[in-house]
Amino acid sequence: MTRVLVIEKHGEMRALIDRKFADGLSVESVVNLEAAWENLKKDNFHLVIWDTHSDPADSVSVVKVIKKFARRAPQSKTIIVSDLKEPEIISARDLKCQWLQEPLDEAEFFALLETDLRTKEPSFSERAANPELDVPTEFEGILAISLSMRSVLQQIVEAAVADIPVLITGETGTGKDLVAAAIHRRSKRKDFQYLPVNMGAIATELIPSELFGHEKGAYTGASEARAGFFEQAQGGTIFLDEITTMDERTQVSLLRVLETKTIRRVRGEKDIKVNVRVIAATNEDIEEAVKGGRFREDLYYRLDVFRIHLPPLRERPGGVTLLTDHYVARFDELYDRNIRVVSPETYRLLRRYTWPGNVRELKNVIQRAVLLAKGAELIPDLLPARIREIADSGARDTQPHYPIQLGMSLADVEKEFIKMTLSSVSGNKMKAASILGISRRALYNKLKRHGLL
């Protein structure tokens with residue numbers, strides 16, 4: 001069982017942990033560092049949480065205490081909660097230390113706890129009983145901290161094993177390309193070609209030639225025969241992004257490929273066998289595209305064999321903080337900066353912003369901020385005006401914004417309300433079903449119908 005040591009005077013963090021993680025944890029509390037050192041002599045803890053108010057500020061050196069934790073409990077991770085400024089010389093990566101600034105943000109606190117507890121090295125018996133524990137928090141370049149994203153990682157593993165078409169849905173910038181590449185790298189096709197194709201970036205008249213190739217003289221300038229993407233990806237995987245931008249003719253051709261496993265080049269006279277796995281993605285509501293006649297229903301069913309839905313960044317609790325730290329570290333090294341701290345106000349502004357461009361937008365914002373940074377701290381002035389203005393406008397709400405309004409269909413209202421309910425219970429489907437007054441099976445049916453699975 002995972003063991004946690006909490007060092008605090010008044011028991012507030014212990015109460016938060018007991019409320020959020022009722023089972024599966026062994027939590028011990030002590031009131032000061034002196035008692036903590038005694039406990040660390042006798043027992044091993046996976047996680048140590050220290051509230052610096054447990055000891056008088058003038059009696060301890062925060063830096064020395066953190067280094068002592070590293071010596072006394074080298075296998076333990078440490079979370080420090082303090083109203084003091086984080087010392088610039090602390091390297092969280094080296095000392096397994098996370099710093100939380102007071103006043104405590106419960107969402108960030110729970111996100112860090114969930115990350116640390118889920119990345120604990122499981123025992124052999126735990127692995128046997130829970131295969132999903134083999135999925136780490138960082139997986140094939142994808143970072144996951146919320147329950148919804150942990151579910152995505154497990155789906156990637158499952159999709160990789162089954163050699164079937166996959167449909168990835170989600171808003172622009174959520175990382176659909178990363179998911180497709182991860183599926184390929186974990187599949188039995190990993191030693192063959194992986195070819196990503198953005199359908200929206202190809203002129204309509206060029207799509208047949210690009211996908212299926214052409215013979216010599218097929219059109220003006222075709223001086224020699226050319227293999228298309230499907231032939232180039234032989235034995236491997238082709239990733240078709242923005243699938244709903246395909247015209248009717250291309251949809252028919254793709255349907256034929258999926259059904260017969262053959263293609264025919266432009267002006268070709270013979271069919272060519274292809275052994276290629278197709279992964280498709282869209283940022284549109286593909287069911288609505290089918291209803292509106294813009295996307296063929298038979299092709300939709302051929303592609304929607306295994307669905308993976310990526311939640312937007314605003315619906316990933318703790319995701320903004322985790323990704324901010326990740327990108328700060330990456331670009332700090334890339335541009336040879338010396339950033340040691342992200343200011344609490346910077347974190348707060350980043351968490352309040354709704355991120356319409358999702359992970360891609362956050363990455364670009366952090367890259368720009370690191371490039372502009374002159375000192376060791378990432379301050380709010382380094383953020384774009386649209387993010388800083390949130391504070392000026394008084395937009396203090398950190399909860400997701402759900403677009404339920406007059407004029408929406410009942411189906412759309414149901415979909416958004418289910419998303420809101422799931423977010424409120426951190427993705428726990430049993431709790432969500434209870435709140436909605438339906439069975440868990442009925443909830444799963446609705447999730448599938450709305451493309452949320």
Indicate yes or no for a side-chain donor-acceptor contact from [X] to the backbone of [Y] under 3.5 Å, with no hydrogens or angles considered.
{"X": "Glu377", "Y": "Ile339", "answer": "no"}
{"X": "Asn283", "Y": "Gly170", "answer": "no"}
{"X": "Gln251", "Y": "Arg296", "answer": "yes"}
{"X": "Arg189", "Y": "His184", "answer": "no"}
{"X": "Arg307", "Y": "Ile168", "answer": "no"}
{"X": "Arg150", "Y": "Ala144", "answer": "no"}
{"X": "Thr321", "Y": "Gly318", "answer": "no"}
{"X": "Glu8", "Y": "Glu12", "answer": "yes"}
{"X": "Thr174", "Y": "Glu171", "answer": "yes"}
{"X": "Thr421", "Y": "Phe417", "answer": "yes"}

Are [X] and [Y] side-chain neighbours, meaning at least one heavy-atom pair lies under 4.5 Å?
{"X": "Asp241", "Y": "Val197", "result": "no"}
{"X": "Ile183", "Y": "Phe306", "result": "no"}
{"X": "Phe212", "Y": "Ser253", "result": "yes"}
{"X": "Ile286", "Y": "Leu167", "result": "yes"}
{"X": "Ile66", "Y": "Trp99", "result": "yes"}
{"X": "Arg3", "Y": "His46", "result": "no"}
{"X": "Leu447", "Y": "Arg449", "result": "no"}
{"X": "Tyr353", "Y": "Leu362", "result": "no"}

(message) Apply side chain to side chain contact (heavy atoms under 4.5 Å, CB included) to residues Ile79 and Val48 and explain how you reach the verdict.
(response) CA-CA 6 Å; Ile79 295 177; Val48 177; over 6 Å; no
Could [X] and [Y] be called an ion pair, given the rule that one side-chain N must be under 4.0 Å from one carboxylate O?
{"X": "Glu284", "Y": "Arg294", "result": "yes"}
{"X": "Glu361", "Y": "Arg386", "result": "yes"}
{"X": "Arg302", "Y": "Glu297", "result": "no"}

Side-chain H-bond candidate by donor/acceptor type, [X] with [Y], under 3.5 Å:
{"X": "Ser54", "Y": "Asp51", "result": "no"}
{"X": "Tyr347", "Y": "Asp325", "result": "yes"}
{"X": "Thr354", "Y": "Arg314", "result": "no"}
{"X": "His450", "Y": "Asp412", "result": "no"}
{"X": "Arg185", "Y": "Tyr194", "result": "no"}
{"X": "Thr282", "Y": "Thr169", "result": "no"}

How many angstroms lie between atom [atom1] of [X] and atom [atom2] of [Y], to the nearest 0.5 angstrom?
{"X": "Asn364", "Y": "Arg360", "atom1": "CG", "atom2": "CZ", "answer": "8.0 Å"}
{"X": "Leu372", "Y": "Gln367", "atom1": "CG", "atom2": "CD", "answer": "10.5 Å"}
{"X": "Leu255", "Y": "Leu303", "atom1": "CG", "atom2": "CG", "answer": "8.5 Å"}
{"X": "Lys190", "Y": "Thr237", "atom1": "NZ", "atom2": "OG1", "answer": "12.5 Å"}
{"X": "Lys188", "Y": "Phe192", "atom1": "NZ", "atom2": "CZ", "answer": "10.5 Å"}
{"X": "Met13", "Y": "Leu100", "atom1": "CE", "atom2": "CG", "answer": "9.0 Å"}

If every non-hydrogen atom of [X] is compared with every non-hydrogen atom of [Y], which pair is closest and at what distance?
{"X": "Gly173", "Y": "Asn358", "answer": "O-CB, 3.4 Å"}
{"X": "Ala289", "Y": "Thr244", "answer": "CB-CG2, 4.4 Å"}
{"X": "Pro380", "Y": "Glu345", "answer": "CG-CG, 3.6 Å"}
{"X": "Val276", "Y": "Gly235", "answer": "CG2-N, 4.4 Å"}
{"X": "Glu140", "Y": "Ala182", "answer": "CB-CB, 3.7 Å"}
{"X": "Thr52", "Y": "Ser82", "answer": "OG1-OG, 2.9 Å"}

(message) Please evaluate residues Val328 and Leu378 with respect to the criterion side chain to side chain contact (heavy atoms under 4.5 Å, CB included), reporting the C-alpha separation (whole Å), side-chain torsions for both, the decisive distance (0.1 Å), and the verdict.
(response) CA-CA 9 Å; Val328 167; Leu378 208 68; 3.8 Å; yes
(message) Using side chain to side chain contact (heavy atoms under 4.5 Å, CB included), reason through Met149 and Ile142 one step at a time and then give a plain yes or no.
(response) CA-CA 9 Å; Met149 282 304 295; Ile142 302 169; 4.1 Å; yes
(request) Could you pull out all residues at least two apart from Thr245 that satisfy side-chain hydrogen bond (donor to acceptor under 3.5 Å, both in side chains)? (result) none
(message) What verdict does the side chain to side chain contact (heavy atoms under 4.5 Å, CB included) test give for Phe295 and Ile243, after you've listed the backbone C-alpha separation in whole Å, the side-chain angles of each residue and the deciding distance to 0.1 Å?
(response) CA-CA 9 Å; Phe295 198 82; Ile243 195 77; 4.0 Å; yes
(request) Would you indicate whether Arg368, at its atom CZ, is surrounded by more than 12 heavy atoms from other residues, nucleotides or ligands within a distance under 6.0 Å? (result) yes
(message) Atom CG of residue position Leu410 - does it have more than 12 heavy atoms of other residues, nucleotides or ligands inside 6.0 Å?
(response) no
(request) Classify the angle between the aromatic ring planes of Tyr335 and Phe331 as parallel (below 30°), tilted (30 to 60°) or perpendicular (above 60°). (result) parallel
